[in-house]
Amino acid sequence: LHIFNLIRNNDAAAAAENGYNAFVVAGGETSGAVVKALGATQMSIGPEIATGVPWVRSGNHWMALKSGNFGDECFFDKAQDMLAAKGNPA
């Protein structure tokens, strides 16, 4: 599993095509665009990264979809640590 920092929402589909399957996304509109680009229509709730922000899974894709003021300054580090610890957030 890899974390891929997204700059443009079109990068999500390209990243998935190149073997990336874990995405940490900030911003409500960007999160929606990534979900759409990955073709996610159903999600399973995974472990919580921060209050109100769980990992979600759709198919083979894991996503951390952070919007607004959720999480703290350690959010991105914690999300990455969860992946590094077990190879996936579950």
Side-chain angles (χ1 to χ4, degrees):
L1 294 178
H2 300 277
I3 290 181
F4 187 81
N5 293 316
L6 299 171
I7 298 170
R8 296 180 311 257
N9 55 355
N10 290 337
D11 291 341
E17 289 171 9
N18 284 290
Y20 290 91
N21 64 346
F23 300 85
V24 179
V25 185
E29 288 183 30
T30 304
S31 293
V34 168
V35 167
K36 184 177 179 180
L38 295 176
T41 58
Q42 295 182 359
M43 294 182 204
S44 300
I45 303 296
E48 188 173 76
I49 304 163
T51 301
V53 188
W55 279 100
V56 295
R57 184 175 183 180
S58 178
N60 292 326
H61 299 116
W62 286 96
M63 294 170 275
L65 305 171
K66 180 188 176 309
S67 64
N69 293 320
F70 289 92
D72 60 18
E73 65 275 355
C74 298
F75 174 82
F76 296 100
D77 292 330
K78 185 173 180 185
Q80 185 172 0
D81 290 346
M82 290 175 81
L83 286 173
K86 297 194 276 183
N88 67 56

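What you see is a predicted model, and the numbers here were worked out from it, not measured in a lab. Along the sequence shown, residues are numbered consecutively beginning with 1.
By the side chain to side chain contact (heavy atoms under 4.5 Å, CB included) test, A26 pairs with F76, sequence neighbours left out.
The two residues A16 and H61 have their closest heavy-atom pair at CB-NE2, 3.6 Å. Smallest separation of non-hydrogen atoms from A37 and A12: CB-CB, 4.2 Å. Nearest heavy atoms, N60 versus N21: O-CB, 3.2 Å.
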- Tell me, with the steps shown, if L65 and F23 meet side chain to side chain contact (heavy atoms under 4.5 Å, CB included). CA-CA 8 Å; L65 305 171; F23 300 85; over 6 Å; no
Extract all donor-acceptor atom pairs below 3.5 Å that involve side chains of residues 41-54 and protein atoms in other chains or at least two apart in sequence.
none

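Taking 4.5 Å as the limit, some side-chain heavy atom of M63 sits within range of a side-chain heavy atom of V35. When side chains are defined from C-beta on, W55 counts as touching M82, because their heavy atoms get closer than 4.5 Å.
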